[in-house]
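A note on names: the letters A, B, ... follow the listed sequences, proteins ahead of strands, and every chain is numbered from 1.
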Amino acid sequence: MSEQERNELNEVHRVRRQKLQHLYSLGVDPFGKKFERTHTAEEILSFAKDKSKEQLEQGTIEVAVAGRIMLLRPQGKAAFANLQDLSGRIQIYIRQDAIGEQVFEAFQQLEMGDIIGVKGTVFKTKMGEPTIKVQELTVLTKALNPLPEKYHGLTDIEMRYRQRYVDLIVNPEVRDTFVMRSRIIQSMRRYLDDLGFLEVETPTMHAIAGGAAARPFATHHNALDMQLYMRIAIELHLKRLIVGGLEKVYEIGRVYRNEGISTRHNPEFTMLELYWAYADFQDIMDLTESSIAHIAQEVLGTMTISYQGKDVDLTPKWRRASMVDLVKEAVGVDFSQQMTLEEARSLAEKHSVKIEKHHQVGHILNEFFEQFVEETLIQPTFVYGHPVEISPLAKQNPADPRFTDRFELFIVGREHANAFTELNDPIDQRQRFEKQLEEKEAGNDEAHEMDEDFINALMYGMPPTGGLGIGIDRLVMLLTDQPSIRDVLLFPLMRER
RNA sequence: GAGCCAUUAGCUCAGUCGGUAGAGCACCUGACUUUUAAUCAGGGUGUCGAUGGUUCGAGUCCAUCAUGGCUCACCA
């Protein structure tokens, strides 16, 4: 450490450096090595729980645990500390006469935040707390930064996101949320695997950003001198695999959309997309319902949950209602009647629904739905029958071609899934893409691009197929009762500082 | 992109009417071998987000900027 560095450190940091040097002078490596653990904190607690003080003292149980010192209560020539590992916290008791003066001196150079390993026996204190009586102490890692306040922890939201590592150390519920996230995804995977779905990986860099209506991130490949886009959906590649005969495929992966950031939107987020040959959107509805209910039961142990104070019942069967009926129910406007664009526009004006130049009747119906219905759908609700104009990849309803065999799942007023019977007619698909290009001309810069290779794939024949997309982050938010998408992303995007 | 709010010690927060910066934890010194947000005695460690302005004097008032939060817009 140079003189200049020393001057730049404040007292807290200077003292930690001094203790580091002190450890070196005692022949202790402050950044130690591998440590063999026999137990986790939680294992010791559950073992000791129903043993009496006497029972523990009779059969001496040797344990070796490692963790971070979260609380430290020195008491002269002895000390109590709370050690934290992934499973939880366990109290340890250190006495100079048990570990020797030399090691105790090293221990005195330790403070909250440092990582140690201890070997010893389990006992219960006067207060009945299961505790490890330390016989051997090993310094594993000295922390040079102090931890946040031991009682309030780290509450500054910005710092929690920017320095998630600190957040994870001091806020156990944050760790729990991310453990839960992992279990939710694991449960989903297992559910689909058991149904015979094949997990695949497709490119995240696309020459044409298709499969959804969104602005992509653009990038460039130097060697090929090629414009590339980060994918906005997984859809078109998975459907190519259905053409290829893989029949039941899914991918859980990151997609990227160059759009606004909010408590429900991060520029990169995780989607599940799934395609099932010879099925339709009704089958997908059943699958969506059963898989989410299954995950809730498996991960939370219940299908009735509470989200931000709202009770939500995920027990099947869920309500199924058409978009047209829901709009009629909410505002009394009946879009099942044939109507001209002019009629739809005047209805929009009457109900103060904002419309854009490129809007057709179907777009206006969707605006009605979003403005008057969406946020009212608290209990899980499948909304089906989306207008063809906003569904360029979905098959039209055979009885009424103004609508598609598509559904979206709404829970707590938010979209959680989007699915349809996939359009497999390449001639129709080409026309839909052309319609999208017209929209683009008319000013919708999120309209779909033409994808000639995808059309080519369809021309080899894609069997009738049902497809599904689930926003995994939102599902995790729902099941872990988190208000912001940033609370279920380990490292949400933040402006550089 | 717009509106509102926030930014003070390592962390959590006070700071009155504009008058020279304050508490708890952490840290330092000392006491303490069954404590548990340990306790007891002593010690304040700071670019008050940044830059301008008003003023004899600004953490405090004004302007601009930065970062974040919430709401809205866009979207999933």
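Among all heavy-atom pairs drawn from Gln482(A) and Tyr307(A), the shortest one is O-OH, 2.6 Å.
Distances shown here put a side-chain N or O of Thr263(A) below 4.0 Å from the OP1 or OP2 atom of U71(B). Within the 4.0 Å cut-off from OP1 or OP2 of G69(B), not a single side-chain nitrogen or oxygen of Ser262(A) is found. The phosphate of A76(B) (OP1 or OP2) has no side-chain N or O of Arg474(A) nearer than 4.0 angstrom. For Thr155(A) and U12(B), the shortest distance from a side-chain N or O to OP1 or OP2 is below 4.0 Å. Considering only side-chain N and O atoms, Lys354(A) lies under 4.0 angstrom from the phosphate OP1 or OP2 of C74(B). The phosphate of U35(B) (OP1 or OP2) has no side-chain N or O of Lys133(A) nearer than 4.0 angstrom. The phosphate of A66(B) has neither OP1 nor OP2 within less than 4.0 Å of any side-chain N or O from Arg495(A). Contact between the side-chain N/O atoms of Arg162(A) and the OP1/OP2 oxygens of U67(B) is not found at any separation under 4.0 Å.
Backbone-only engagement by Lys150(A) is indicated by non-hydrogen atom pairs under 4.0 Å involving sugar-phosphate atoms exclusively. Among the atoms of the strands shown, none is found under 4.0 Å from any heavy atom of Arg89(A). Across all strands, Asn266(A) comes closer than 4.0 Å to base atoms (heavy-atom distances). Here Arg95(A) lies in heavy-atom contact (under 4.0 Å) with a base. Nucleic acid contact class of Gln96(A) (heavy atoms, under 4.0 Å, all strands): none. In this structure, Gly260(A) reaches the bases: a heavy-atom distance under 4.0 Å links it to at least one base atom across the strands shown. Across all strands, Ala213(A) comes closer than 4.0 Å only to sugar-phosphate atoms, never to a base (heavy-atom distances). Looking at heavy-atom distances under 4.0 Å, Gly469(A) makes no contact with the nucleic acid at all. Here Tyr161(A) lies in heavy-atom contact (under 4.0 Å) with sugar-phosphate atoms only. Using a 4.0 Å heavy-atom distance criterion, Asp97(A) is classed as a base contact. Using a 4.0 Å heavy-atom criterion, one finds that Met271(A) contacts no nucleic acid atom at all. As judged by a 4.0 angstrom heavy-atom cut-off over every strand, Glu415(A) is placed among residues touching the sugar-phosphate backbone only.
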Asn82(A)/Ile92(A) under side chain to side chain contact (heavy atoms under 4.5 Å, CB included): CA gap, chis, key distance, verdict: CA-CA 6 Å; Asn82(A) 291 44; Ile92(A) 63 172; over 6 Å; no
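A 4.5 Å side-chain heavy-atom check between Trp276(A) and Ile284(A) finds at least one atom pair inside the cut-off. Considering only heavy atoms from C-beta on, Leu479(A) stays 4.5 Å or farther from Val299(A) through its side chain.
The base of U35(B) is paired with the side chain of Gln91(A) by a donor and an acceptor separated by under 3.5 Å.
For Arg89(A), the CZ atom is densely surrounded, since the number of other residues' heavy atoms within 6.0 Å is greater than 12.
The aromatic rings of Phe80(A) and Tyr93(A) sit parallel to each other, their planes meeting at less than 30°, with 60° as the upper class boundary.
Distance check on atom P: G44(B) versus C32(B) gives 25 Å, rounded to whole Å.
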